[in-house]
A.B. asks: 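Okay, handing you the structure first.
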Amino acid sequence: MDIKKAIKEKLHEAIEDIFDLKVDVSQIIIQKTKKEFSGDFTIVVFPLTKLLKKSPEELGELIGEALLKSVKEIKSYNVIKGFLNIELNNDFWLDFFIEQHSDVYYGYKEPKPGDPVVIEFSSPNTNKPLHLGHIRNNLLGDSISRIIDATGRSIKKVNLVNDRGIHICKTMLAWQKWGKNKTPYSTEKKGDKFVGDFYILFEKEYKKEVSELIEKGQSKDEATKNATLILEAKEMLKKWESSDPETIRTWEMMNDWVYRGFEKTYNKLGISFDKTYYESDTYLLGKKIVEQGLKDGVFYRDENGSVWVDLSGEKLDNKLLLRSDGTSVYMTQDIGTAELRYKDFNPSELMYVVGNEQNYHFDVLKIVLKKLNKPYSKKINHLSYGMVELPEGKMKSREGTVVDADDLMQLMVKTAEEITKELGKIDEITEDQKEDLYNKVGIGALKYFILKVDPKKNMLFNPKESIDFNGNTAPFILYTYARIHSVLRKAPKDMLLPIKGKYDNLEINSKEKELLRMLFDYPEVIEESAAELNPAHIANYTYELAKEFNQFYHENQILNAGNKDIIDFRIRLASFTGIVIRSAMNLLGINVVDRM
RNA sequence: GGUUCCGUAGCUCAACUGGAUAGAGCAACGGCCUUCUAAGCCGUAGGUUGAAGGUUCGAGUCCUUCCGGAAUCACCA
């Protein structure tokens, strides 16, 4: 089945025969032939010309002739400049088709035994609702998990909730001061939104107080430190760290509100985790490890009592690990959670889906763990992704320029509903099924919009322009899938059963072969996406596949094609395409629909 | 200022990791529904890949310099 490998081997032999010379096969590139040329695969012969001292054309001819004789699947070849285009015969494509066309796991590898990849994503703060930036994080984490899983490695999805710290105390304080007796239930507000509003309120009041102090003659630095609000928040953090019952009670209650809100958002997005960690449970472990490192002389203590790591040997600055008051910082916590995760899962890899603004943080984390001689220091892998920007620039929670996750999802579903109703094609299904359809189309459109972009690049979202439902979008792909199923519903039943025998004298036409060629590529696309941690390859591939099918569909009759073999073949080809579309969409976390 | 990343059609994104004439969608314009779903298909127009050098058979991709943008360099997370 691996025709590329076979061609490479034969090519190797041919060169040995003709030139009496061994050539490193790895430098031979076999790629897909571009559409404007005839052929299926192309061998670039330029790299060989120097070695073999022949012109590209001459060499192409020689190799082409040799391969034509030695590889039975090759039907013909042609040489254009230094490119040797190889066309495979009808039987090769038919055999491939017959073998694979009904396998719903086509492209997926058998699960391999081995230690899991632990992949952390989402990682919300409990003081504000999720926004579009979090959506990108969640979708990337979820999709990458699915893709890695498809390559046969086991995965564990973990969430790390940032549920402690000064920012949490700010919201608690604001609620105690100005929100007495109000709850998400009494106000019928989603819990995370309810709590987030108090964070914003705190920042507003704090800002006001600071500017009042500045008017009274304090410097800006003094004012930000001396404002009673921030002092009270710090006081509350101390109380929290000393487990003051009243503070803990409020903290637990407000966090619970937030979690109920998050759960709704996760459900709507279709995101789940194998395990959720809470920083309130893990930050002390990090502290312990740092203190041990201090004893072992890996870190040093500053005069004021703070603990640091010296990274000058790595051409970096010194990095703080414990504050002078003994409390822990972000890095301390990540040291603890890495240790905990290692003990929990014995992972082959510790992956972190975190924005590229934290590249430096993860560089340092790796080095610190290495200095501590942790066996997992080499297993840390930061999947760094770019920011979602608005036309005005970066989203800022405090400035209210964020695109709220729930609002955006709701808008997408509503748009899906409006378009569906306008087209009026789905009258015969129940209300529940319609709701389900709007959800799948709307949320699918959003997911695709995010995932089709290369993760490492920043991307732009313009709230004034709605996300498209035409062109390179999920609705386009889902529509293609629905069309396929519309045909399959009308197909003769025996043509949906397992295939018996082969076709007699079935010649595949050019559109059919284009489709087969694309379907043939699918396993490689999964491999590539997994290797590069890039779901965008899956997205763009699926779009090309759907486009190819639509062209095929437009130019060829399926159910009314004259010959029975052709009808059977085309129905199965449509079904095969449908299987791959559903499979690929699943890797993006997008659900398909049978009609729309 | 140091470090890292990014500049591709009016806009949003591709380009199989150095390969053929840089491709799609949106927006604009024109054509195709008495035939399996027109959320579709076909066509027109749109480019000195930020700029200049260099490396080689061959550069959007690699190297150097410059221009423009972003991130980061916290006793924030």
Side-chain angles (χ1 to χ4, degrees), chain A residues 29 31-37 42 44 46-47 49-50 55-56 80-83 85 123 125 162 165-167 279 302 304-308 315-317 319-325 327-331 333-334 355-361 363 384 386-387 389 393-394 416 419-420 422-423 425-426 441 445 449 452-454 456-462 465 467-480 482-491 521 524-525 528 532 536-537 539-541 543-544 546-547 550-551 553-561 570-571 574 595-596:
Chain A
I29 310 158
Q31 55 193 201
K32 240 171 51 177
T33 303
K34 295 222 170 193
K35 264 196 178 163
E36 54 267 40
F37 302 96
T42 296
V44 185
F46 283 110
T49 52
K50 244 189 214 166
S55 76
I80 299 168
K81 288 150 104 185
F83 300 91
N85 302 316
S123 311
N125 288 354
N162 182 350
I166 188 73
H167 49 291
E279 279 189 7
D302 192 71
N304 61 19
S306 53
V307 176
W308 296 75
K315 290 182 181 171
L316 298 170
D317 295 328
K319 184 82 185 173
L320 179 85
L321 297 176
L322 284 177
R323 294 193 188 99
S324 50
D325 64 2
T327 57
S328 63
V329 291
Y330 184 39
M331 185 61 69
Q333 289 161 178
D334 261 1
N356 60 14
E357 55 199 350
Q358 289 181 33
N359 286 353
Y360 180 72
H361 172 80
D363 288 345
S384 161
M387 302 288 100
E389 286 170 345
K394 207 181 160 182
I419 294 173
T420 309
E422 204 180 313
L423 294 171
K425 294 185 193 174
I426 52 138
V441 173
F449 175 79
K452 76 170 177 181
V453 182
D454 187 338
K456 61 176 184 285
K457 292 193 178 176
N458 286 358
M459 62 179 291
L460 189 115
F461 174 78
N462 189 346
E465 297 169 12
I467 292 175
D468 265 311
F469 279 64
N470 298 316
N472 189 357
T473 66
F476 170 87
I477 295 166
L478 298 185
Y479 173 71
T480 308
R483 266 179 151 183
I484 288 171
H485 272 261
S486 174
V487 172
L488 295 182
R489 280 193 292 274
K490 293 169 185 155
D521 285 337
E524 211 175 294
V525 175
E528 197 189 339
E532 288 180 31
H537 286 131
N540 289 314
Y541 165 81
Y543 169 64
E544 295 295 333
K547 210 164 61 160
N550 280 325
Q551 288 168 13
Y553 179 88
H554 187 254
E555 288 174 26
N556 297 281
Q557 292 277 327
I558 298 173
L559 298 172
N560 301 321
R570 287 187 182 161
I571 285 170
R595 59 190 89 209
M596 66 186 274

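Quick note on labels: first sequence line is chain A, next is B, and so on, each numbered from 1.
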A.B. asks: Between B:rC6 and B:rG18, how many Å separate the two P atoms, rounded to a whole number?
C.D. replies: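 Between the two P atoms, the distance is 14 Å.
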A.B. asks: Base, sugar-phosphate, or nothing for A:N356, non-hydrogen atoms under 4.0 angstrom?
C.D. replies: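 Sugar-phosphate contact only - A:N356 comes under 4.0 Å of backbone atoms but never of a base.
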A.B. asks: Report, one pair per line, the protein and nucleotides 55-57 of chain B atoms (nitrogen or oxygen only) whose separation is under 3.5 Å.
C.D. replies:
from	atom 1	to	atom 2	distance (Å)
B:rC57	OP1	A:K50	NZ	3.0

A.B. asks: Given atom CD1 of A:I29 and atom C1' of B:rA20, what is their separation to the nearest angstrom?
C.D. replies: 13 Å
A.B. asks: What are the two closest non-hydrogen atoms of A:A574 and A:I558, and how far apart are they?
C.D. replies: CB-CD1, 4.5 Å
A.B. asks: Hey, does A:V44 reach any base, or is it just sugar-phosphate, or nothing, if we go heavy atoms under 4.0 Å?
C.D. replies: base
A.B. asks: Requiring both pairing distances under 3.5 angstrom, list the stems that contain RNA chain B and are made of three or more consecutive Watson-Crick or G-U pairs.
C.D. replies: B:1-7 with B:67-73, B:10-13 with B:23-26, B:28-32 with B:40-44, B:50-54 with B:62-66
A.B. asks: According to a strict under-4.0 Å criterion, is A:N359 in side-chain N/O contact with OP1 or OP2 of B:rC5?
C.D. replies: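 For B:rC5, neither OP1 nor OP2 has a side-chain N or O of A:N359 closer than 4.0 Å.
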A.B. asks: Could you walk me through whether A:N162 and A:H167 pass side chain to side chain contact (heavy atoms under 4.5 Å, CB included), step by step?
C.D. replies: CA-CA 10 Å; A:N162 182 350; A:H167 49 291; 3.6 Å; yes
A.B. asks: At less than 3.5 Å, do the side-chain atoms of A:D334 and the base atoms of B:rA77 form a donor-acceptor pair?
C.D. replies: no
A.B. asks: Check the distance between B:rG23's P and A:Y543's OH and give it to me in whole angstrom.
C.D. replies: 15 Å
A.B. asks: Going by ring centres under 5.5 Å and near-parallel planes (under 30°), is A:Y553 stacked on B:rG40?
C.D. replies: no
A.B. asks: So, using side chain to side chain contact (heavy atoms under 4.5 Å, CB included) as the criterion, who are the partners of A:R483 when residues are at least two apart?
C.D. replies: A:Y479, A:N550, A:Y553
A.B. asks: Heavy atoms under 4.0 Å, any strand shown: does A:D302 hit a base, just sugar-phosphate, or nothing?
C.D. replies: nothing
A.B. asks: A:K394 has an atom NZ; how far is it from atom P of B:rA71, in whole Å?
C.D. replies: 6 Å
A.B. asks: Over how many whole Å does the gap from A:H361 atom NE2 to B:rA77 atom C1' extend?
C.D. replies: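 So the NE2-C1' distance, A:H361 to B:rA77, works out to 9 Å.
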A.B. asks: Of A:L320 and A:I558, whose nearest nucleotide on RNA chain B comes first from the 5' end?
C.D. replies: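 Its nucleotide being nearer the 5' end, the pick is A:I558.
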A.B. asks: Please report the shortest heavy-atom distance between A:F449 and A:L460, naming the atom on each side.
C.D. replies: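 Taking every non-hydrogen atom into account, CZ-O, 4.0 Å.
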A.B. asks: Take A:F37 and A:N556, find for each the nucleotide of RNA chain B with the closest heavy atom, and name the residue whose nucleotide sits nearer the 5' end.
C.D. replies: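 Mapping each residue to its closest nucleotide by heavy atoms, the 5'-most match is A:F37.
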A.B. asks: Contact between A:T327 and A:L322 at the side-chain level, heavy atoms closer than 4.5 Å - yes or no?
C.D. replies: no
A.B. asks: For atom C1', what is the distance between B:rU34 and B:rC29, given to the nearest Å?
C.D. replies: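 Rounded to whole Å, the distance is 29 Å.
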A.B. asks: Could I get a table of every N or O pair under 3.5 Å where one atom is in the protein and the other is in nucleotides 9-15 of chain B?
C.D. replies:
from	atom 1	to	atom 2	distance (Å)
B:rC13	OP1	A:L460	N	2.7
B:rA14	OP1	A:D454	N	2.6
B:rA14	OP2	A:K457	NZ	3.2

A.B. asks: Can you tell me the distance, in whole Å, between the CD atom of A:Q333 and the P atom of B:rA77?
C.D. replies: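 It works out to 7 Å between those atoms.
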A.B. asks: Could you tell me which residues satisfy side chain to side chain donor-acceptor pair (under 3.5 Å) with A:Q31, sequence neighbours excluded, listed by chain and number?
C.D. replies: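 So A:Q31 forms no side chain to side chain donor-acceptor pair (under 3.5 Å) with any residue.
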A.B. asks: My understanding is that only residues two or more places apart in sequence, or in another chain, count here; which of them pass side chain to side chain donor-acceptor pair (under 3.5 Å) with A:S328?
C.D. replies: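 None.
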A.B. asks: Would you mind reading off the distance between A:I80 atom CD1 and B:rG58 atom C1', rounded to a whole angstrom?
C.D. replies: 17 Å
A.B. asks: Suppose you measure atom C1' in B:rC33 against the same atom in B:rG40; what distance do you get, rounded to whole Å?
C.D. replies: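 Looking at atom C1' only, B:rC33 and B:rG40 are 10 Å apart.
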A.B. asks: Could you run down the sub-3.5 Å N/O contacts of the protein with nucleotides 41-45 of chain B?
C.D. replies:
from	atom 1	to	atom 2	distance (Å)
B:rC41	O2'	A:H554	ND1	2.8
B:rC42	OP1	A:Q551	NE2	3.1

A.B. asks: With sequence neighbours excluded, tell me which residues meet side chain to side chain donor-acceptor pair (under 3.5 Å) with A:Q551.
C.D. replies: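 Scan of A:Q551 (side chain to side chain donor-acceptor pair (under 3.5 Å), adjacent residues dropped) gives A:K511.
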A.B. asks: For nucleotides B:rC62 and B:rU55, find the distance between their C1' atoms and express it as a whole number of Å.
C.D. replies: 8 Å
A.B. asks: OP1, OP2 of B:rA77 versus side-chain N and O of A:R323: anything below 4.0 Å?
C.D. replies: yes
A.B. asks: Is B:rC32 syn or anti, taking syn as a glycosidic angle within 90° of 0?
C.D. replies: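 Anti, since the glycosidic angle lies more than 90° from 0.
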A.B. asks: Indicate, with a heavy-atom threshold strictly under 4.0 Å, whether A:S384 touches base, sugar-phosphate, or nothing.
C.D. replies: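 Nothing, no heavy atom under 4.0 Å.
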A.B. asks: Counting N and O atoms only, with roles assigned by atom type, does the side chain of A:T420 sit under 3.5 Å from a partner on the main chain of A:A416, one being a donor and the other an acceptor?
C.D. replies: yes
A.B. asks: Give A:Q358 one of three labels, base, sugar-phosphate or nothing, depending on what nucleic acid heavy atoms sit under 4.0 Å from its own.
C.D. replies: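 Answer is base: heavy atoms of A:Q358 come under 4.0 Å of a base.
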A.B. asks: Quickly work out the A:E36 CD to B:rG23 P distance and round it to whole Å.
C.D. replies: 7 Å
A.B. asks: When the P atoms of B:rU8 and B:rG60 are compared, how many Å lie between them, rounded to an integer?
C.D. replies: 15 Å
A.B. asks: Relative to the ring of A:F46, is the ring of A:F83 parallel (under 30°), tilted (30 to 60°) or perpendicular (over 60°)?
C.D. replies: perpendicular
A.B. asks: Report yes if a side-chain nitrogen or oxygen of A:K81 is closer than 4.0 Å to either non-bridging phosphate oxygen (OP1 or OP2) of B:rU21; otherwise report no.
C.D. replies: yes
A.B. asks: State which residues pass side chain to side chain contact (heavy atoms under 4.5 Å, CB included) with A:N458; sequence neighbours excluded, sorted by chain then number.
C.D. replies: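 By the side chain to side chain contact (heavy atoms under 4.5 Å, CB included) rule, A:N458 matches A:N356, A:M387, A:E389.
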A.B. asks: Give A:Y330 one of three labels, base, sugar-phosphate or nothing, depending on what nucleic acid heavy atoms sit under 4.0 Å from its own.
C.D. replies: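 Base contact.
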A.B. asks: Among B:rC73, B:rA77, B:rG40, which is the nearest nucleotide to the side chain of A:D317?
C.D. replies: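 Nearest nucleotide to the side chain: B:rC73.
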A.B. asks: Can you sort out the partners of A:H485 under side chain to side chain donor-acceptor pair (under 3.5 Å), two or more places apart, ordered by chain and number?
C.D. replies: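 Checked A:H485 against side chain to side chain donor-acceptor pair (under 3.5 Å); matches are A:Y481.
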A.B. asks: One thing to verify: whether A:D325 and A:R323 come together as a salt bridge, which I'm taking to mean a side-chain N less than 4.0 angstrom from a carboxylate O.
C.D. replies: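 A:D325 and A:R323: not salt-bridged.
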A.B. asks: I'd like the P distance from B:rG47 over to B:rA9, given in whole Å.
C.D. replies: 10 Å
A.B. asks: More than 12 foreign heavy atoms under 6.0 Å from CD of A:E422: is that the case here?
C.D. replies: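 Incorrect, the count does not exceed 12.
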A.B. asks: Could you measure between the two P atoms, the one in B:rG30 and the one in B:rA15, and give it in whole Å?
C.D. replies: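 So the two P atoms sit 33 Å from each other.
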A.B. asks: Report the distance from atom CG of A:D363 to atom P of B:rC5, rounded to the nearest whole Å.
C.D. replies: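 The answer, rounded to whole Å, is 11 Å.
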A.B. asks: Using OP1 and OP2 only, check whether a side-chain N or O of A:R570 sits under 4.0 Å from B:rC36.
C.D. replies: no
A.B. asks: In plain terms, say whether A:K394 and A:E357 are close enough for a salt bridge, that is, a side-chain N and a carboxylate O under 4.0 Å apart.
C.D. replies: yes
A.B. asks: Could I get the full list of side chain to side chain contact (heavy atoms under 4.5 Å, CB included) partners for A:T473, not counting sequence neighbours?
C.D. replies: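 Residues passing side chain to side chain contact (heavy atoms under 4.5 Å, CB included) with A:T473: A:D468, A:P475, A:F476.
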A.B. asks: Taking side chain to side chain contact (heavy atoms under 4.5 Å, CB included) as the test, write out the residues that go with A:K35, two or more places apart.
C.D. replies: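 Residues passing side chain to side chain contact (heavy atoms under 4.5 Å, CB included) with A:K35: A:E514, A:E548.
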A.B. asks: Please measure how far the C1' atom in B:rA59 lies from the corresponding atom in B:rU49, and state the result in whole Å.
C.D. replies: 11 Å
